[in-house]
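The model shown is predicted, which means the values in this text are computed figures rather than measured ones. Position 1 is the first residue of the sequence, and the numbers go up from there.
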Amino acid sequence: MPDTDLSGLGRDARHLRLDTFVRLRWLAITGQSAAVVGAQFGLGLPLPFGWCFLVIATSSWLNLALRIRFPASYRLSDDSAALLLAFDIVQLAALLFLTGGLQNPFSLLFLAPVLISATALPPERTLALGLLAVGLATLLALVHRPLPWFADGRIELPFLYVSGVWTAILLGTAFTGVYAWRVAEETRLLAQALAATELVLAREQHLSQLDGLAAAAAHELGTPLGTIMVVTKELIRQLGPTASPAVAEDLNLLREQVDRCRGILGKLTSLDGDGAGAGFLETVTFSHLVEELVAPQRALGAALDVTSSGEGPEPACRRNPGVMFGLANILDNAVDFAEAGVTVEGRWTPDRVWIEIRDDGPGFSSEVLLRAGEPYVTTRSHDRPQSGGTVGAGLGLGLFIAKTLIERSGAQLALMNVAAPDAHGAIVRVSWARHIFERGAAPRHSPELSIRAPLPPRDAVPI
């Protein structure tokens with residue numbers, strides 16, 4: 001489990017939730033419907049009413065399909081968001097074609113999708129959407145149905161006026177796009193700087209804690225090692241002239257091993273991040289990771305069924321306190337809601353590594369599954385006991401924090417309910433690509449003890 005990659009903060013900052021796009025489109029659909037109905041029945045203008053509502057219904061069908069297919073917390077990629085905004089531009093162009101083209105005062109709404117793109121997407125996609133909007137505006141300046149007007153007359157605006165509207169759309173697209181992108185980019189850079197600062201502070205705090213523990217261990221072990229060294233030297237001084245070769249060799253070996261222990265303690269005290277010792281201490285195998293996760297629950301007497309197996313050699317990873325906190329939070333919830341017990345299953349293949357936590361409780365509600373990972377969405381009812389024995393409603397931040405910490409390590413988190421007809425419960429699956437899981441792990445051999453030859457057979461002592 002690697003540490004947070006700062007290069008990914010900028011990419012993640014751009015990805016907006018699908019729910020944001022869906023809500024904005026519902027707002028646009030409401031406005032378009034109100035404008036068509038008001039012009040047709042309020043002002044009495046002869047609109048192609050059926051065709052207009054068919055174009056508006058297309059956006060409604062797309063919104064419903066997206067809402068059914070994806071959860072509200074789903075985050076769009078840059079390409080998917082650009083395609084949705086391109087659809088909005090084309091839909092608006094079709095509606096303007098039926099209602100007068102650029103003579104329609106609502107033609108300035110071409111700026112809205114480009115503005116959204118400038119705040120959420122890279123400049124290349126914003127440029128492409130801007131060119132699409134200007135291209136369709138050019139087409140509408142030349143080809144369109146007449147502007148609806150009152151029955152006793154027909155209005156035809158001069159082409160010079162239409163050209164002015166086209167120029168306004170062109171300049172407005174360029175200006176608002178560049179301005180919104182600059183403002184949004186500064187906001188993103190500030191957010192990234194704050195996140196990087198928090199990460200550096202967390203690392204410094206962690207290193208300071210390790211430094212203190214290592215210094216304390218070196219101090220505590222240094223005293224008995226010093227005593228052993230003094231006794232060894234005294235024995236060499238007293239027995240040296242008369243000692244047999246075997247005893248003299250044993251005494252010299254004892255002094256060498258004491259010096260070696262002092263060297264190891266010196267490395268622990270310094271905690272050199274570039275040395276082999278630091279990576280060795282931070283590396284943990286997958287099965288040990290699973291055991292470290294369930295150990296606190298076992299100490300409390302929770303009924304746990306733990307398995308860990310896979311194909312090929314067992315993967316190893318770097319210790320990541322954030323990921324351990326997130327997994328422990330998920331396991332705590334499973335234990336709280338379970339009726340009989342919780343199953344923790346760890347598996348690995350040559351390509352993937354995953355941990356699955358299952359309970360036999362009531363499962364996730366539809367609201368939690370729909371908005372999984374959002375803050376203030378709680379799985380606890382007001383009469384559900386929480387950990388610690390108190391009764392009350394949770395704030396809904398536990399799953400949000402756990403999901404955020406786990407996904408920062410490159411993992412994917414999936415929530416689901418047991419699908420079997422004769423069973424019930426919730427399932428949380430956390431999976432990593434194996435190369436991401438193992439990134440940064442030190443080789444699984446002792447950096448110190450492997451460089452020394454074993455004792456001769458005559459010096460072996462039974463344990």
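- Ring geometry, Phe49 versus Phe53: the interplanar angle falls from 30° to 60°, so the pair is classed tilted.
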Verdict with reasoning, Ile169 to Leu108, per side chain to side chain contact (heavy atoms under 4.5 Å, CB included): CA-CA 6 Å; Ile169 293 176; Leu108 288 178; 4.0 Å; yes
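- We find the CD1-CG distance between Ile89 and Leu84 to be 11.5 Å, quoted to the nearest 0.5 Å.
- Of the inter-residue distances, the one linking Leu64 atom CG with Arg69 atom CZ reads 15.5 Å to the nearest 0.5 angstrom.
- Phe286 places a side-chain heavy atom less than 4.5 Å from the side chain of Trp348.
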Assess whether side chain to side chain contact (heavy atoms under 4.5 Å, CB included) is satisfied between Asp79 and Arg125, documenting all intermediate values. CA-CA 8 Å; Asp79 293 335; Arg125 290 167 177 80; 2.8 Å; yes
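- Side-chain contact between Val134 and Phe110 is absent, with no heavy atoms from C-beta onward closer than 4.5 Å.
- Counting heavy atoms from C-beta outward, Leu142 and Trp166 have side chains that stay 4.5 Å or more apart.
- Val55 is linked by a side-chain contact (heavy atoms from CB on, under 4.5 Å) to Gln91, Ala94, Leu95, Leu98, counting only residues two or more places apart in sequence or in another chain.
- Taking 4.5 Å as the limit, some side-chain heavy atom of Val284 sits within range of a side-chain heavy atom of Cys317.
- Within the 4.5 Å cutoff, side-chain heavy atoms of Trp26 are placed close to those of Ser60.
- Between the side chain of Ser163 and the main chain of Phe159, a donor-acceptor pair closer than 3.5 Å is present.
- When only modelled atom types and interatomic distance are considered, Asn104 and Thr99 share a side-chain donor-acceptor pair under 3.5 Å.
- With respect to the salt-bridge test (charged N to carboxylate O, under 4.0 angstrom), the residues Glu407 and Arg75 do not qualify.
- No more than 12 heavy atoms of other residues, nucleotides or ligands sit less than 6.0 Å from atom NE2 of His288.
- Between the side chains of Arg352 and Ser431, a donor-acceptor pair is found at a separation under 3.5 Å.
- In this structure, a donor-acceptor pair under 3.5 Å is present between the side chains of Ser117 and Thr126.
- To the nearest 0.5 angstrom, Phe106 atom CZ is 10.0 Å from Leu96 atom CG.
- The CH2 atom of Trp354 sits 5.0 Å away from the OG1 atom of Thr349 when rounded to the nearest 0.5 Å.
- Put simply, the side chain of Gln103 reaches to within 4.5 Å of the side chain of His144, judged on heavy atoms.
- For the pair Thr138 and Leu170, the minimum side-chain heavy-atom distance is 4.5 Å or more.
- Under the 3.5 Å distance criterion, the side-chain polar atoms of Asn63 are matched with a main-chain donor or acceptor of Val22.
- For Glu292, the CD atom counts as densely surrounded, since its 6.0 Å shell holds more than 12 non-hydrogen atoms of other residues, nucleotides or ligands.
- Take Thr30 and apply the side-chain contact (heavy atoms from CB on, under 4.5 Å) test, not counting sequence neighbours, and it matches no residue.
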Side chain to side chain contact (heavy atoms under 4.5 Å, CB included) for Asp359 and Thr343? Distances and angles first, verdict last. CA-CA 6 Å; Asp359 64 65; Thr343 300; over 6 Å; no
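- Remark: Arg145 pairs with no residue by the salt bridge (Lys or Arg N to Asp or Glu O under 4.0 Å) rule, at least two apart or across chains.
- More than 12 non-hydrogen atoms from other residues, nucleotides or ligands lie less than 6.0 angstrom from CG of Leu171.
- Here Leu54 contributes atom CG and Ile56 contributes atom CD1; the two are 10.0 Å apart, rounded to the nearest 0.5 Å.
- Expressed to the nearest 0.5 Å, how far CG of Leu331 lies from CG of Asp336 amounts to 9.5 Å.
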Between Val428 and Glu356, does the side chain to side chain contact (heavy atoms under 4.5 Å, CB included) criterion hold? Intermediate values first, please. CA-CA 6 Å; Val428 179; Glu356 188 171 282; over 6 Å; no
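- There is no side-chain donor-acceptor pair under 3.5 Å between Thr119 and Trp181.
- Counting non-hydrogen atoms of other residues, nucleotides and ligands closer than 6.0 Å to CH2 of Trp51 gives a total of 12 or fewer.
- In this structure, Phe97 has no ring-ring contact (aromatic ring centres under 6.0 Å, His included) partners at least two apart in sequence or on a different chain.
- Side-chain atoms of Gln40 come within 3.5 Å of backbone atoms of Leu47 as a donor-acceptor pair (strictly under, hydrogens ignored).
- Every residue was checked against the ring-ring contact (aromatic ring centres under 6.0 Å, His included) condition with Phe87, not counting sequence neighbours, and none meets it.
- Heavy atoms of other residues, nucleotides or ligands lying less than 6.0 angstrom from CZ of Arg298 number more than 12.
- Not counting sequence neighbours, the partners of Thr307 by the side-chain contact (heavy atoms from CB on, under 4.5 Å) test are Asp305, Glu345, Arg347.
- Under the 4.5 Å side-chain criterion, counting only non-hydrogen atoms from C-beta, Val418 is not in contact with His424.
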